[in-house]
Peer 1: 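Below you will find the structure I want to go over with you.
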Amino acid sequence: MRTASTAAAWRERAAALFPGGVNSPVRAYRAVGGEPPILVRGEGAYVWDADGNRYLDYVGAFGPLLLGHAHPSVVEAISRAAAEGGSFGATAPAEVRLAELIQERMPSIERIRFVNSGTEAAMSALRVARAATGRELVIKFDGGYHGHADSLLVEAGSGVATLSLPGSAGVPAAVAAQTLVATYNDLNSVQRLLDTHPRQVAAVIVEPVAANMGVVPPQPGFLEGLRRLAEEAGALLVFDEVITGFRVAPGGAQELYGVRPDLTVLGKIIGGGLPVGAYGGRADLLDLVAPAGPVYQAGTLSGHPLVMAAGEATLAQLTPELYRAVEGRADRLEEGLRRPGVSVNRVGSLLTLFFRDRAPVDFAEARESDTDLFARFFNSLRDRGVLLPPSQYEAWFLSAAHDDEAISTTLEALPA
Ligand SMILES: *Cc1c(COP(=O)(O)O)cnc(C)c1O
């Protein structure tokens with residue numbers, strides 16, 4: 001058995017094992033350069049690398065950690081669930097309790113099905129939409145990310161954009177052709193696709209706040225317009241709230257903007273940092289799923305007791321006061337980041353600093369950001385102990401553990 005204690009040694013071993021040295025592409029730091037960190041511990045707003053360096057962390061595991069790392073009540077819930085036995089392959093009370101907590105906060109979720117990742121959830125929600133409508137096409141938005149299922153890897157935002165890939169190799173052309181791509185915040189682009197494909201579009205899937213092209217909020221009327229266009233066309237409206245769910249408001253973006261989708265895709269926060277996904281919505285739609293209906297979808301580890309316990313412990317902490325506190329600090333950070341030549345988009349505790357003087361409203365504009373400047377900015381903050389998401393096209397994730405001192409530390413670390 002070799003020993004490896006330094007980050008460099010771990011990176012070398014990882015490089016021999018995993019494609020690009022990682023188990024998810026953005027972790028390789030291709031867009032910002034430098035050696036990707038090997039992280040060994042997290043607590044609150046901070047993480048530690050294998051060389052013993054501490055960083056103030058704005059990655060937040062890319063979304064789940066609204067309470068910060070290793071929140072005591074989440075750790076306790078996981079430990080307790082682990083001690084009671086792992087996975088039963090049968091329904092357990094924790095699934096019911098977490099589903100009820102979700103439903104209370106998100107009333108559009110009349111029924112729900114837990115899965116193991118956001119990817120699975122989005123893929124399954126669209127399967128339901130296709131079954132319900134008897135149609136095959138789906139409209140997504142340029143720069144919107146809904147996981148890596150074949151049909152959704154078309155113009156898919158952050159991860160692929162960071163690598164400058166148009167989509168993905170290995171996706172059959174016939175599958176990619178089922179996905180039509182509209183422009184975020186542009187209702188006309190959606191109307192045109194619906195007009196040119198009459199009675200063929202099963203669903204419009206959207207991140208209600210785009211967060212995988214950097215954060216780009218919906219313009220007033222955009223989500224309401226999507227609701228109306230989908231209805232007129234007989235298509236379903238699917239909100240991918242994997243990031244926004246339980247982050248931008250207690251009831252997610254659908255509460256914040258007052259638009260009710262037919263189906264909602266969830267992940268990240270509802271698993272408290274463990275692997276999770278869920279899709280839910282109208283009862284008549286979810287009742288198409290097996291064994292209630294003909295749409296097959298299954299999962300050996302779905303609704304896993306440890307994951308459900310972590311999600312339940314997380315949601316239990318998410319009071320209106322907590323949202324207000326996190327957002328107040330996010331607002332302070334936003335103000336401190338503003339300066340000539342850059343722009344900031346923020347919704348609640350999600351924000352992105354763009355190296356572009358006007359805040360982008362769609363992916364084409366987001367891509368006009370100066371990514372070399374972003375890389376320099378990223379590395380100068382990293383050198384000062386502040387770890388940002390390693391791409392211009394990712395959101396910064398604040399947590400409840402990012403206190404005033406953490407915000408001050410960040411602002412003091414900014415390059416002059
Ligand atoms: C992260 C993400 C997904 C995919 O979730 P995974 O758990 O990584 O498969 C889907 N949609 C959005 C909006 C996401 O941010």
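When a ligand or atom number is given, it counts from 1 through the structure's own listing order.
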Peer 1: Starting from atom 11 (N) of ligand 1, find the nearest protein heavy-atom neighbour and note its residue, name and distance.
Peer 2: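 Of every protein heavy atom, Asp240 OD2, 2.7 Å lies nearest to atom 11 (N) of ligand 1.
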Peer 1: Nearest protein heavy atom to atom 8 (O) of ligand 1: under 4.0 Å?
Peer 2: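 False for atom 8 (O) of ligand 1.
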Peer 1: Indicate the ring-plane relationship of Phe141 and Tyr184, choosing parallel, tilted or perpendicular according to the 30° and 60° boundaries.
Peer 2: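 Ring orientation, 0 to 90° scale: perpendicular.
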Peer 1: N/O of Thr119 under 3.5 Å from N/O of ligand 1, yes or no?
Peer 2: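 There is such a contact, yes.
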Peer 1: So, do Arg247 and Phe397 sit near enough that their side-chain heavy atoms are less than 4.5 Å apart?
Peer 2: yes
Peer 1: Side chain or backbone, does His146 bring an N or O within less than 3.5 Å of an N or O on ligand 1?
Peer 2: no
Peer 1: Considering the heavy atoms of Glu207, write down every atom of ligand 1 situated less than 4.0 Å from one of them.
Peer 2: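 Listed by number with element: 13 (C).
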Peer 1: Is any side-chain heavy atom of Asp49 closer than 4.5 Å to a side-chain heavy atom of Trp10?
Peer 2: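 Result no, sub-4.5 Å side-chain heavy-atom pair not found.
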Peer 1: On the 0 to 90° scale, with breaks at 30° and 60°, tag the His402-Tyr58 ring pair as parallel, tilted or perpendicular.
Peer 2: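 It falls in the tilted class, 30° to 60°.
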Peer 1: Quick check on contacts: which atoms of ligand 1 are under 4.0 angstrom from a heavy atom of Ile243?
Peer 2: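 That gives atoms 15 (O) of ligand 1.
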Peer 1: Is the closest heavy atom of Lys268 to ligand 1 under 4.0 Å?
Peer 2: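 Per 4.0 Å heavy-atom rule, Lys268 contacts ligand 1.
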Peer 1: I'd like the name of whichever of Gly144, Gly118, Pro208, Pro275 reaches closest to atom 6 (P) of ligand 1 through any heavy atom.
Peer 2: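 Selected option, by shortest heavy-atom distance: Gly118.
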Peer 1: Any chance the side chains of Gln297 and Tyr279 put a donor and an acceptor closer than 3.5 Å?
Peer 2: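 Side-chain D/A pair, Gln297 to Tyr279: present.
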Peer 1: For ligand 1, indicate whether the residue Val265 contacts it via side chain, backbone, both or neither (heavy-atom separation under 4.0 Å).
Peer 2: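 The answer is neither.
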Peer 1: Could you check Glu110 against Arg282 for salt bridge (Lys or Arg N to Asp or Glu O under 4.0 Å), going step by step and ending with a plain yes or no?
Peer 2: CA-CA 5 Å; Glu110 296 167 358; Arg282 277 167 41 193; over 6 Å; no
Peer 1: Scan side-chain atoms only and decide if Thr264 and Gln254 contain a donor-acceptor pair under the 3.5 Å cut-off.
Peer 2: yes
Peer 1: At less than 4.0 angstrom from any non-hydrogen atom of Ser117, what atoms of ligand 1 do you find?
Peer 2: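 In order of numbering, the contacting atoms are 7 (O), 9 (O).
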